[in-house]
Structure formats: C-alpha cells, structure tokens
**Q** 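First the structure, which I've put down as structure tokens, then a few questions once you've had a look.
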Amino acid sequence: MAFNKKFNTTGICIPSLHYMVDTADMINQIIDDYIEEGEYFTINRARQFGKTTTLELLYHKLKEKYIVIDISFEAADEYFQSLGALARGLAMDISERLETQGVSESLCKEWQTPVSEEFPLRDFGRKITALCSKSDRELILTIDEVDKNADNQIFLSFLGLLREKYLRQKSGRDHTFKSVILAGVYDIKNLKLKLHVQEESKYNSPWNIAADFNINMSLTTAGIEGMLWDYEQDYHTGMDISDMSRQLYDYTSGYPFLVSRLCKIIDEQIVGTEDYPDKPSAWTKDGFQTAVRMILYEPNTLFDDMRKKFDDYPELSEMIYAVLFTGKSIAYNPDNLAMDMGIRFGFIKCVDEQIVVSNRIFEMRLYNYYLSEDMLRSSTYSASLQIKNQFIHGNNLDMELILRKFVEHFTDIYADSPDKFVEENGRRLFLLYLKPIINGTGNYYIESRTRSMGRTDVIVDYLGQQYIIEMKIYHGKEYNLRGENQLIGYLEDYHLQKGYMLSFNFNKKKQVGVRKIIVGEKTLIEAIV
C-alpha cells in the first residue's frame, strides 16, 4: 500500500500531506488568549521554528468565524519603494483575499476603488475603516516574513498607521482589524536591532502596542510521540515510539525543523541502505544515531544561517565558544546585544539565569565548527589521527588507552604551559584529540547539567555504546571525591559500569598518569595531567 504523507522540512506543513505534531492546543491557546482578546502581537521565533505553518493553521481555524487577510512580505520588496506602492500593493492583496472569503460583491467593489496618489497611506487607512465597519464579520490581519523590510521607514509608517487605528478603535472612534499578527525572527517592538546605528530617531517602534507573545512553540515529547504514532499506523515498523520520541527531544529540545529533519533522514536516506535495509531496522537507536551523524555533516539553511550570524555578531560567537570550551558560567543579561541575538536566533537559551546552547544538535555542530578551525594546525589532532586505529577494537573504543595516550601527548607538549592556558584550552585539546578517533562513526556531546559545576561530562556514542568522560579542573581531594560520586551517579543513569575522569591538575607535586578506582560495583579510570 502506498502512503502519500512525508516528513517535511521546507515550507508549510500540511496535516493531510505531512507527518507533523498536533499543535491544536497551541493554536487554540493563541486564539483564546490573543485573538479573541483583540490583541496585536508578533510571533517572533528563530528560523524554521514553525511560524509560517502556525499562521497557516490559524488561517484555517479562524476563517470559520472571521475574514482573515493573510499576507507575506517574503517577495514584496517593490511594495517598499514608496508609500503609494505599499498602499496599492496591500490594497491589491487584500482585494484578492476578500474575493475568496465570501465578502459581498458590493463591499469588494468599494474596496477596489483606487488609492489616493496624494495621500496614499491615509486613504488606505480610510479604506480599512470602511471595510471593517461595513463587513458582517470581524477581520484579522496576518503578515508573514514581516522583518524582511523592518529597517525601512515606509514599513514604520505602515506600523504607525496600524497603531493609530488600534488606539482609536480602543476609544470607540474608529473601526479596524480585530487582531493583527506579525511573524518573523525579530520582535518588531525592538526595531533598533535591525536599523542602522545613525538612525537614532527610529529606535522607538510604533509596534509598542503589541502584547508579549509567550506561547511555547517547541515540540514536546508527547507531541512527537503522536506524530510517530501516525507514521507507525501507516508502516508498522515496530519502533519503540516512546524511546524514539525521547531521543528526538533529547537531541533537539523540540526545535521543529531538527525533529522533522532527523525523521526525514531516517525515513528517506537511511532506509534501504546496506546497514538498514528496511524501515524496522532504521527506526532503532542505531538508526537514530546514524541520522544524528548525517545531520551534523550536511549543509542546510539553518546551519548556513548560523555561520552568517556569527560573521555578523562576532561577540556572539566568542560567547558561545567560552561556554563550550572553558566551562564558564555566563549569567544572562537581557541588555547584552550578543545574548539577545543568540536567543532570538535560537542558538542559545537561558536556563536558571545562565546561558546554555539551545539543544544538543546545535552544540555538536558548534563543536565541529570551532574545532574545524584548529584541526589543520593542531598537533593534538594530528597526534591522534596518526594512531587512531590503536583505539578501536571491533565496535568498541579503548577509552582507557585514549586517555593514556592523551596524557603522554599533553605532557610532552603542554606540561610547561601556564595554568591559565591549560584551564582555558584543556577541554578543547582533549576534544581535538578525540575527534579523529570517532569521526564519521561516533558522536559526542556535553552533559548540560554539569557544565556550570566546574566540570564537563562528555558523552560519547560509538556504534551503540556510550562512554562518559568527566573533564574537570582539580581543586583538592574533597572536590575530587565529590566528582567521583557525581560520575557514579551518571553511570547509574546511563546503566554503565565504567566511567572515565580527566583532571587538569595545577599542583606542582601532582602525579601524572592513569589510575583505576573501584567504587562498589563501578570502575573509574582517572587520568591526571
């Protein structure tokens, strides 16, 4: 039997054509809390976070009760050449929407009267008043890709018109749209982030009437389960839906594009390969890890945009580098431009008032990005590349040998380096040493719960097996013992018997090397450099 549904990562997701998470509750909440209340607001979320799909779902739900004017500024650059062009372009768009939603012929004809050439925006506002006062249904205006021209004075004038009519309607002196919904990456209330520095007079956005949009648009584990259940009803793969949903959420934190992309890779690129000849073999933990490796090395618009944003905001790149490699705890400050941009673009988030990378996929991709800048000139990378076959026995990594060889290399090259150099670069050097050994076969990521505790736990996934390596700066025996106990706790969480510790010790009397520690039924391998 042939099925037409697919996982979709481009354009609008359509329930009849695509496997997608049921967002009915979110759509109803937006309608109840914002639209029914007559709010004007902006759905500002990162790229490929489901904004356009949300507007489409809202359109189909709202048109049962309202006239919905749905517009996009995606390809409307010519509208912003002049106020007249904008008024005529919007009038033409609205005319098309009215004709398709059962508006009376007389009202459509009245709307189609030409816009005044002398006062185009004022006349456009008059036409809105006439339309909204004479219509038998209230009107909703939605505009997608609204920040394509957010640094344009003509756009600001248009927002000013909407604001003026909103305020006059509130006081009973005008008729206008019941609700206006803008969608884009930027919060239009903070237009200063898009305008040129010299344009100080435009820093106060006319969109300050807008309500804060606080709806969580990240996908949930339960939502992902529902999507996979729909897929399973069609294909009967026998997958563990609960476990697969948890893995998808753990790696993406519910970022819609990443969830759909991983599913699409499994379904369309992994199924039918030599290792995964059919769907049941692909929708497994091993198949999922293969999809993770593939997404980490593929070019796509989301990751391309990330690199561009780092070029535009080097302070953002420097901050994320510090979080990843130095273990620094960076407190969130809403007035910091780099932080604000990082959250706006979806690269970082605030957890317990600290900055962390938004999800595991981003984190792994960013590690690869930063380490790639060092690989060609790094003696650490070259050292492990030359002997990487020593560390692989069948499907297993000899992690103890990796630590021993790293200690030898580190001692030979960096033993006399200043403490500050080691503290800031130790993690990076070990990851550079590890990368060529697992490259193309395994993945690693950082356990986020430990990054702000003066230690960093690296989780390595290699051919279905996991290895936990705790990296930390040595701060005395008591601290070290606490670290051992915490590592044992993580071994319990991951159902492992052996764990690894890498301690950067600045004590002049330290004993460099590798030792084995037995704690109950657990074995810890500690390397000290």
Side-chain angles (χ1 to χ4, degrees), residues 35 38 40-42 52 55-56 58-59 62-63 65-184 188 191 202 205-207 209-210:
I35 295 168
Y40 286 28
F41 60 100
T42 302
T52 300
L55 288 182
E56 181 71 8
L58 281 170
Y59 169 81
L62 290 169
K63 72 177 184 177
K65 179 179 179 181
Y66 301 100
I67 297 171
V68 184
I69 309 299
D70 59 315
I71 296 171
S72 174
F73 284 167
E74 173 68 34
D77 290 347
E78 68 269 28
Y79 286 17
F80 297 92
Q81 301 303 311
S82 68
L83 290 174
L86 177 64
R88 289 190 293 273
L90 290 176
M92 179 176 61
D93 287 338
I94 292 175
S95 178
E96 293 176 357
R97 306 309 189 269
L98 295 176
E99 291 175 356
T100 62
Q101 293 192 56
V103 176
S104 68
E105 184 177 347
S106 60
L107 198 53
C108 287
K109 190 173 182 179
E110 180 179 346
W111 175 265
Q112 290 166 357
T113 57
V115 175
S116 165
E117 294 186 5
E118 187 175 6
F119 301 105
L121 204 58
R122 183 56 54 193
D123 191 39
F124 182 69
R126 180 193 60 77
K127 288 166 70 70
I128 292 174
T129 298
L131 174 64
C132 293
S133 62
K134 297 177 182 179
S135 174
D136 60 352
R137 286 174 288 162
E138 293 177 300
L139 283 84
I140 309 293
L141 175 66
T142 73
I143 306 178
D144 198 9
E145 301 290 349
V146 73
D147 46 6
K148 290 285 184 181
N149 289 278
D151 55 354
N152 189 301
Q153 178 59 56
I154 293 170
F155 175 71
L156 295 183
S157 298
F158 172 60
L159 288 186
L161 173 68
L162 293 178
R163 178 182 185 273
E164 178 190 18
K165 296 185 74 62
Y166 169 87
L167 294 174
R168 288 178 64 84
Q169 177 166 264
K170 288 292 185 182
S171 62
R173 292 183 293 162
D174 200 350
H175 295 279
T176 188
F177 302 110
K178 177 180 178 67
S179 178
V180 175
I181 310 164
L182 310 181
I188 305 303
L191 279 177
K202 299 177 187 176
S205 167
W207 203 237
I209 57 169

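Computed from a prediction, not measured in an experiment: that's the story for all the values here.
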**Q** Per the salt bridge (charged side-chain N to carboxylate O under 4.0 Å, His left out) rule, what does the pair list look like for residues 105-120, sequence neighbours excluded?
**A**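 Qualifying pairs, neighbours excluded: Glu110-Lys134.
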**Q** Could you state the interatomic distance from OH (Tyr40) to CG (Leu141), rounded to the nearest 0.5 Å?
**A**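 If we round to the nearest 0.5 Å, Tyr40:OH and Leu141:CG are 8.0 Å apart.
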**Q** Would you mind reporting whether Ile71 and Thr142 have side-chain heavy atoms less than 4.5 Å apart?
**A**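 Counting from C-beta outward, Thr142 and Ile71 never come under 4.5 Å.
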**Q** Are any side-chain N or O atoms of Glu74 and backbone N or O atoms of Glu145, one a donor and one an acceptor, separated by less than 3.5 Å?
**A**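 Absent.
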**Q** Looking only at heavy atoms, which two atoms of Arg137 and Gln101 are closest? And how far apart?
**A**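 Between these two residues, the closest heavy atoms are NH2-O, 2.6 Å.
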**Q** Give every residue pair that meets the side-chain hydrogen bond (donor to acceptor under 3.5 Å, both in side chains) criterion with at least one member in residues 88-98, sequence neighbours excluded.
**A**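 Output for this query lists Asp70-Arg97, Tyr79-Asp93, Ser95-Gln112.
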**Q** I'd like to know whether Leu161 forms a side chain to side chain contact (heavy atoms under 4.5 Å, CB included) with Tyr166, so could you lay out the CA-CA distance, the side-chain angles of the two residues, the decisive distance to 0.1 Å, and finally the verdict.
**A** CA-CA 9 Å; Leu161 173 68; Tyr166 169 87; over 6 Å; no
**Q** Do Ile143 and Ser72 have side chains that get closer than 4.5 Å, going by heavy atoms?
**A**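 Result no, sub-4.5 Å side-chain heavy-atom pair not found.
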**Q** Sequence neighbours excluded, which residues qualify as side-chain contact (heavy atoms from CB on, under 4.5 Å) partners of Ser82?
**A**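 Ala85.
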**Q** Between Cys132 and Phe177, what is the shortest heavy-atom contact and its length?
**A**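 That closest heavy-atom pairing would be SG-N, 3.8 Å.
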**Q** Should Phe155 and Asp147 count as side-chain neighbours, where that means a heavy-atom distance under 4.5 Å?
**A**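 No, their side chains stay 4.5 Å or more apart.
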**Q** Using 0.5 Å steps for rounding, measure from the OG atom of Ser135 to the NE2 atom of His175.
**A**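 Answer rounded to 0.5 Å: 11.5 Å.
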**Q** Locate the shortest heavy-atom distance separating Pro114 from Asp123; write the atom from each residue and the value.
**A**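 So the two residues come closest at O-OD2, 3.8 Å.
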**Q** Suppose we screen for side-chain contact (heavy atoms from CB on, under 4.5 Å). Which residues come up paired with Leu62, at least two apart in sequence or across chains?
**A**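 Partners of Leu62 by the side-chain contact (heavy atoms from CB on, under 4.5 Å) criterion, ordered by chain and then number, come out as Ile31, Ile35, Leu58, Tyr66, Val68, Ile140.
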**Q** Using every non-hydrogen atom in the two residues, find where Phe158 and Leu121 come nearest and quote the distance to one decimal.
**A**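 For Phe158 and Leu121, the tightest heavy-atom pair comes out as N-CD2, 4.1 Å.
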**Q** Is there a donor-acceptor pair under 3.5 Å between the side chain of Trp111 and the backbone N or O of Lys127?
**A**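 Not at all, since once roles are kept as given, no pair shorter than 3.5 Å links the two residues.
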**Q** To check you understand the geometry: which heavy-atom pair defines the closest contact between Val103 and Cys108, and what is its length?
**A**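 The pair with the smallest heavy-atom distance is O-SG, 3.7 Å.
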**Q** Can you see which heavy atom on Ala76 is nearest to which on Phe80, and at what distance?
**A**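 Closest heavy-atom pair between Ala76 and Phe80: O-CD1, 3.3 Å.
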**Q** Quick one: side-chain contact (heavy atoms from CB on, under 4.5 Å) partners of Ser104, sequence neighbours excluded?
**A**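 Only Ser106, Leu107 meet the side-chain contact (heavy atoms from CB on, under 4.5 Å) criterion with Ser104.
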**Q** Show me the pairs that pass salt bridge (charged side-chain N to carboxylate O under 4.0 Å, His left out) and involve residues 161-175, at least two apart or across chains.
**A**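 For residues 161-175: Arg122-Glu164, Lys165-Asp174.
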**Q** Would you say the side chain of Leu131 lies within less than 4.5 Å of the side chain of Leu98, judging by non-hydrogen atoms?
**A**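 Yes, side chains in contact.
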**Q** Is the shortest side-chain heavy-atom distance between Leu167 and Ile209 below 4.5 Å?
**A**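 Contact flag for Leu167/Ile209 side chains = yes.
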**Q** Is there a side-chain contact between Phe73 and Leu182 in this structure, where contact means two heavy atoms from C-beta onward sitting under 4.5 Å apart?
**A**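 A side-chain contact under 4.5 Å is absent here.
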**Q** Side chains of Thr129 and Thr176, heavy atoms from C-beta outward: is any pair under 4.5 Å?
**A**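 Thr129 vs Thr176: side chains apart.
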**Q** Heavy-atom distance under 4.5 Å between the side chains of Ile94 and Phe124, does that happen here?
**A**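 Yes; the side chains approach each other to less than 4.5 Å.
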